[in-house]
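Read the structure below first, then the notes.
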Amino acid sequence: MGRLRRTLPFIMTRRLTRTATQFVILLVIVLITVFFLDNQYRVLPPSIHNYLPSHYPDHVITDITVTTCSSLSVLSGCNLDPQKWHRIDKDIYLGNGWLRRGYVHVQRKKEDALTATDKVILDIRVGRLDPGVTEKGDVKWESREAGIWLKRSAKPHASDSLKAITAVDILFGADAVEPRPGWSIAQGTPLLLGGQPVEVKLTTRKGRPVKLDPVVPRIRKSGKFKIMQVADLHLSTGLGECRDAEPKGEKCDADPRTLDFIGKMLDHEKPDLVVLTGDQVNGETAPDAQTAVFKFAAPFIERKIPYAAIFGNHDDEGSLSRSALMTLIQTLPYSLSEPGPNDVDGVGNYVIEVLAHGGSHHSALSLYLLDTHSYSPDEHRFRGYDWLKNNQIDWFTKTAEGLKSSHAAYTHIHMDMAFIHIPLPEYRDQNNEIVGAWREPPTAPGFNSGFRDALVKQGILIVSCGHDHANEYCMLSKTPSPESKPALWMCYGGGVGFGGYGGYGGYHRRVRFFEIDTNEARISTYKRVEWAGTEQEMERRIDERIVVEGGRVVAR
C-alpha cells in the first residue's frame with residue numbers, strides 16, 4: 001500500500017508531462033497549418049492584416065528592399081528585422097504565387113532622430129539601367145532588388161520633408177493611377193519581377209500629408225444642380241475582362257473602357273455631384289481593392305467634382321472590408337463619403353446637404369444614402385439579398401424629422417432624394433407606370449422591412465438604386481387606393497462597368513442623370529449610353545422626362 005502511494009505521484013507526473021508535450025506538439029502543428037493556409041488564402045481575420053499601408057508623420061524613408069520567399073517552407077520567411085524594417089503588407093504576387101510570396105520593405109526614421117551619417121531617399125526610379133548614366137550631379141543612384149534605384153543623400157538638410165520621400169506604397173496593373181495629393185508613381189518601369197499576375201508599381205509621397213479642405217456642394221447661381229449616378233462599375237485589379245460588351249467581337253479591356261466612358265460623360269455633362277451606388281469594386285477580380293478605388297476616384301478628382309459612395313454586395317469581396325474601404329475613400333480629395341453612425345447597421349448611412357446658391361447656409365436639397373448590405377442573413381426563409389434594417393430606417397426617419405425645421409427656413413421648396421444599391425421589393429410591381437426598360441427580374445430582398453413606406457412618409461421624391469445591371473427604368477409608386485396619387489419615383493441607374501454582366505438583348509452600358517431646378521422645384525431625369533451604333537444616338541438623352549414638378553411627384 002505504501003509503495004502504491006509512493007508510485008502514484010510519479011505516474012501522475014508522467015501523465016501530465018506527456019499530455020503537456022502532446023498539447024504543445026498539437027499547438028505547433030495548428031500554428032504551422034494556419035500560417036501556411038493564411039499565406040495562401042488569408043484565413044485569419046482581416047483585422048490581423050494591415051492592408052492599408054502605414055504612413056507615419058515626421059518620418060523619412062532611408063532605404064527600400066524587396067524580399068521573396070517560399071510559400072512551402074516555414075523557415076523561408078518574408079519578414080525582415082521589425083526593429084529596422086516596415087513591411088508593406090501586400091503580397092506582390094497577389095496571393096497567386098503557390099511557391100512564393102514577396103513584399104516591399106522600407107526603413108524609416110524620424111527626422112529629428114537622423115544622424116550625420118544617415119542617408120535619406122530623395123528620389124526613386126525603377127528599371128534595368130542606372131538613371132545616373134544620363135544625369136549630371138554628385139549623388140549616385142544605388143541599386144536595389146526588382147530594378148529599384150535610389151537617390152540617397154546624407155548632406156545637411158537633405159531630410160527636408162519637402163524634398164525627401166516620406167511614404168511608400170504599391171499599386172497593381174498597367175492602368176494603376178495615383179490620385180492622392182503629394183503622391184506619384186515612381187518613374188520608369190513596373191517592378192522587375194518574375195511570375196506576378198499583373199504589373200506592380202511603386203508609388204511614393206514627398207513631403208507631409210496634404211490636408212484636405214472640406215467640400216461643400218452648392219446649387220449653382222442659375223438655380224440648377226446636376227447629379228450623375230454611376231452604378232456598378234465593377235473595377236478590377238488590372239485591366240479586367242469585358243463581359244457581354246457591345247458591339248461584339250471588338251478588343252475590349254473592361255476597366256479602361258468603363259473609365260473612358262465615365263470621363264466622356266463628366267466632360268460632356270459637367271455634373272455638380274457624382275453618386276456611386278455600389279459595386280465599384282468587383283471583389284473576386286480585385287485582390288488589391290485599393291487599386292480599384294483609386295481608379296474610380298481619379299476621374300472625379302482630376303475634374304474637381306465632388307462624389308459620394310455607398311457599397312454593394314461585391315465591394316468588400318476583395319482585400320478590404322466595408323469599413324476599410326470607407327476609411328480609404330474618405331482620405332481622397334472631393335469625397336463626401338461617410339461611414340455613418342456606429343450604432344446603425346451597415347457602413348455608409350449618411351445624408352448630404354446641398355446648400356442654396358451664393359453664401360447661403362440653408363439646404364436646398366437633401367440626399368440620403370444608405371447601405372443595403374449584401375446577401376440574405378436567413379436563406380431558409382428569405383433567399384437572395386439582404387434588406388435595410390429597422391435601426392437604419394429609424395436613423396433615416398429621425399434624421400429627416402430633425403432636419404425639417406432647418407429646411408423650413410429655405411426660401412424655396414426644399415427637396416429630398418435617396419440612393420441605395422439593392423432595389424426595394426416594390427420595384428417588382430409591374431402594374432406601376434414604368435419609364436425605360438425592364439430587362440431582368442429585380443433581385444430585391446425577399447423580406448420587406450418597410451423602407452418604401454418610410455421614404456413616402458418623409459416626403460422623399462425619388463429613390464435610385466443599382467445592382468440589376470440591365471434594368472434602367474423609373475417606376476412610379478402610388479399611394480394605396482382609392483386616392484392612388486403619385487408618391488415616389490423608384491429608379492435604376494443602369495449598369496456602367498464592363499467588368500460586370502450585361503447581356504439581356506444587347507444591353508448598352510449607361511449612366512443616369514438627375515437635373516434639379518430649384519427655382520421651379522423641378523427634377524428631370526435621363527440616361528446616356530456608351531455605345532448605340534450611331535454618334536447621334538449616343539448623344540441623345542434617353543427617356544428624358546420630368547418626375548418632380550413644384551416639389552411634388554408627378555406622372556406623365
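Along the sequence shown, residues carry numbers from 1.
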Please say which of H421, R512, Q229 ends up in a side-chain hydrogen bond (donor to acceptor under 3.5 Å, both in side chains) with T277.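 Looking at H421, R512, Q229, the match for T277 under the side-chain hydrogen bond (donor to acceptor under 3.5 Å, both in side chains) is Q229.
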
Between [X] and [Y], what is the shortest heavy-atom contact and its length?
X    : Y    : answer
K206 : T166 : C-OG1, 4.0 Å
S449 : N390 : O-OD1, 4.4 Å
T518 : A364 : CG2-CB, 4.3 Å
Y307 : A297 : OH-CB, 3.8 Å
L336 : V215 : CD2-O, 3.4 Å
G493 : A231 : CA-CB, 4.3 Å

Within the supplied structure, the quantity of interest is the number of heavy atoms (other residues, nucleotides, ligands) at a distance under 6.0 Å from [X] [atom1]; does it exceed 12?
X    : atom1 : result
Q458 : CD    : yes
D378 : CG    : yes
R220 : CZ    : yes
Q330 : CD    : yes
R383 : CZ    : no
K264 : NZ    : no
K224 : NZ    : no

Is there a side-chain contact (heavy atoms from CB on, under 4.5 Å) between L369 and I352 once you walk through the steps? CA-CA 8 Å; L369 295 92; I352 294 173; 3.9 Å; yes

Got a salt bridge between [X] and [Y], using NZ or NE/NH1/NH2 to carboxylate O under 4.0 Å?
X    : Y    : value
E401 : K398 : no
D175 : K295 : yes
K226 : D272 : no
D267 : R303 : yes

Check against side-chain contact (heavy atoms from CB on, under 4.5 Å), D315 and Q280: CA-CA 6 Å; D315 287 291; Q280 289 79 243; 3.7 Å; yes

Between [X] and [Y], do the side chains contain an N or O donor and an N or O acceptor separated by less than 3.5 Å?
X    : Y    : answer
R452 : S477 : yes
D394 : T397 : no
E353 : H362 : no
S374 : D386 : no
E426 : N432 : no
D255 : T258 : no
Y507 : D244 : no

Distance, nearest 0.5 Å, that separates [atom1] of [X] from [atom2] of [Y]:
X    : Y    : atom1 : atom2 : value
D345 : Q392 : CG    : CD    : 5.5 Å
T525 : I542 : OG1   : CD1   : 11.5 Å
Y350 : T399 : OH    : OG1   : 14.0 Å
T372 : I310 : OG1   : CD1   : 6.0 Å
L455 : I460 : CG    : CD1   : 6.0 Å

Side-chain donor/acceptor of R205 to backbone N/O of A167, under 3.5 Å: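 Absent.
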
So does T237 get a backbone contact from the side chain of D288, meaning a donor-acceptor N/O pair under 3.5 Å?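 Judged by distance alone, no pair lies under 3.5 Å.
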
Before giving the answer on salt bridge (charged side-chain N to carboxylate O under 4.0 Å, His left out), spell out for R180 and D169 the whole-Å C-alpha distance, their side-chain angles and the decisive distance to 0.1 Å. CA-CA 11 Å; R180 292 174 290 187; D169 202 353; 3.2 Å; yes

Should the ring pair [X] and [Y] be called parallel, tilted or perpendicular, given that the plane angle runs from 0 to 90° and is split at 30 and 60?
X    : Y    : value
F300 : F296 : tilted
H508 : W531 : perpendicular
Y526 : F513 : parallel

Got [X] and [Y] here, is their nearest side-chain heavy-atom distance under 4.5 Å?
X    : Y    : answer
I420 : V463 : yes
D416 : L365 : no
F498 : R509 : yes
L266 : M228 : yes

Pair [X] and [Y], ring centroids less than 6.0 Å apart:
X    : Y    : result
H467 : Y385 : yes
W387 : F382 : yes
Y473 : Y492 : yes
Y368 : F396 : yes

Under the side-chain contact (heavy atoms from CB on, under 4.5 Å) criterion, do K389 and H373 qualify, and how do the steps go? CA-CA 9 Å; K389 303 301 188 293; H373 315 289; 3.6 Å; yes

Is the C491 SG less than 2.5 Å from the C465 SG?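 Disulfide absent: SG-SG distance not under 2.5 Å.
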
Dump the intermediate steps for salt bridge (charged side-chain N to carboxylate O under 4.0 Å, His left out) on K251 and D253, then the final yes or no. CA-CA 7 Å; K251 185 181 183 302; D253 292 320; 3.2 Å; yes

L273 and L367: CA distance, side-chain angles, deciding distance, side-chain contact (heavy atoms from CB on, under 4.5 Å) verdict: CA-CA 11 Å; L273 172 68; L367 308 175; 3.4 Å; yes

Which one of E472, E530, E246 satisfies the salt bridge (charged side-chain N to carboxylate O under 4.0 Å, His left out) criterion with R510?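 Among E472, E530, E246, the one that satisfies the salt bridge (charged side-chain N to carboxylate O under 4.0 Å, His left out) with R510 is E472.
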
Applying salt bridge (charged side-chain N to carboxylate O under 4.0 Å, His left out), run through R541 and E515 and close with a yes or a no. CA-CA 12 Å; R541 291 184 170 192; E515 209 163 44; 3.4 Å; yes

Hey, mind stepping through H469 and H234 against ring pair (Phe, Tyr, Trp, His ring centres under 6.0 Å) and telling me if it holds? CA-CA 11 Å; H469 303 179; H234 284 268; 4.8 Å; yes

Worked check of side-chain hydrogen bond (donor to acceptor under 3.5 Å, both in side chains) between H268 and E539: CA-CA 10 Å; H268 189 278; E539 291 290 327; 3.1 Å; yes

